[in-house]
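Heads up, the thing below is written out as structure tokens.
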Amino acid sequence: MSSGQKRIDEEIYRVVRQIPVGRVATYGQVARLAGLGGRARRVGYALRILSGAGNIPWHRVVNARGGISSRASDGSSEHTQYLRLRAEGVRFGRNGRIRLDTYLWRPERK
DNA sequence: ACATTGACCCGTT
DNA sequence: GAACGGGCCAATG
């Protein structure tokens with residue numbers, strides 16, 4: 001892995017760390033804030049290699065439809081994400097999705 | 001180098 | 001809504 005890729009990952013993590021408790025951000029939103037334009041997919045790769053450890057609130061990143069995106073593996077990760085969001089007060093609708101107009105993080109430029 | 005896959009997103013029908 | 005197609009691009013074999 002090149003150092004350039006790693007720098008991009010750090011930038012992504014820097015953004016994710018800023019998402020407040022009880023709010024969520026979409027992959028595309030994180031990509032934009034990290035200066036990656038429309039490369040939302042790149043965000044998913046960065047979060048995937050996180051492997052649970054660390055102080056990055058990866059569970060606060062959801063897809064553009066307000067849902068938890070499926071992973072290639074067993075599904076425990078998705079469940080953990082759901083539980084952590086619930087624990088922060090985020091409510092899910094019957095279709096398993098979040099009301100983005102309520103919970104989407106709107107960063108204030110300072 | 002090639003093909004496939006994937007924690008995505010958007011527009012159209 | 002759903003189904004489809006296209007764009008995107010890094011990882012993997």
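Just so you know, these numbers come straight off a predicted model, no measurement behind them. Residue numbers begin at 1 in each chain, while the letters A, B, ... track the order of the sequences.
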Handout entry: A/I12 CD1 to C/dA10 P, straight-line distance once rounded to whole Å
Key = 11 Å
Exercise for the section: Kindly indicate whether the side chain of A/I98, heavy atoms from C-beta on, has any atom under 4.5 Å from the side chain of A/I68. Expected result: no
Fill in the blank from the handout: Checking B/dC9, C/dC9, B/dA7 against the side chain of A/Q81 (C-beta onward), the nearest is B/dA7
Practice task
Using a heavy-atom cut-off of under 4.0 Å over every strand shown, decide if A/G28 touches base, sugar-phosphate, or nothing.
Solution key: sugar-phosphate
Practice task
For residues A/R60 and A/E88, determine if any side-chain heavy atom of one lies less than 4.5 Å from a side-chain heavy atom of the other.
Solution key: yes
Fill in the blank from the handout: note: A/Q29, atom CD; B/dA7, atom C1'; distance rounded to Å ~ 16 Å
Completion exercise
Whole-Å distance, A/R71 CZ to B/dT5 P, equals 20 Å
Problem - Separation of atom CZ in A/R65 from atom P in B/dA7, rounded to whole Å - result: 14 Å
Exercise for the section: Determine whether A/S69 and A/V62 make a side-chain contact, defined as any pair of heavy atoms from C-beta on separated by less than 4.5 Å. Expected result: no
Practice task
Establish whether the base of C/dA11 is bridged to the side chain of A/Y45 by a donor-acceptor pair shorter than 3.5 Å.
Solution key: no
Problem - Length of the CZ-P vector between A/R32 and B/dC8, whole Å - result: 17 Å
Completion exercise
The nucleotide from C/dG7, C/dG1, B/dA7 with an atom nearest the side chain of A/W58 is B/dA7
Practice task
Name the closest nucleotide to the A/N63 side chain, picking from B/dG6, C/dG1, B/dC9.
Solution key: B/dC9
Practice task
Using a heavy-atom cut-off of under 4.0 Å over every strand shown, decide if A/R39 touches base, sugar-phosphate, or nothing.
Solution key: sugar-phosphate
Exercise for the section: Would you mind telling me which residue lines up with the more 5' stretch of DNA chain C, A/R97 or A/R41, judged by nearest nucleotide? Expected result: A/R97
Completion exercise
A/T26 has its side chain closest, among C/dA10, B/dC9, B/dG6, to B/dC9
Practice task
Find out whether A/L50 and A/L47 are in side-chain contact, i.e. whether some heavy atom of one side chain is under 4.5 Å from a heavy atom of the other.
Solution key: yes
Exercise for the section: For B/dA7 and C/dC4, measure between their C1' atoms and round to the nearest Å. Expected result: 22 Å
Handout entry: Nucleotide B/dA7, atom P - distance to CD1 of A/I98 in whole Å
Key = 18 Å
Problem - Salt bridge A/R7-A/E10, side-chain N to carboxylate O under 4.0 Å - result: no
Practice task
Find the distance A/R42:CZ to C/dA10:P and express it as a whole number of Å.
Solution key: 7 Å
Problem - Polar side-chain contact A/R48-B/dA7 base: donor and acceptor under 3.5 Å - result: no
Handout entry: Separation of atom CD1 in A/I56 from atom C1' in B/dA7, rounded to whole Å
Key = 14 Å
Problem - Closest to the A/S69 side chain, choosing from B/dC8, B/dC10, C/dC9 - result: B/dC8
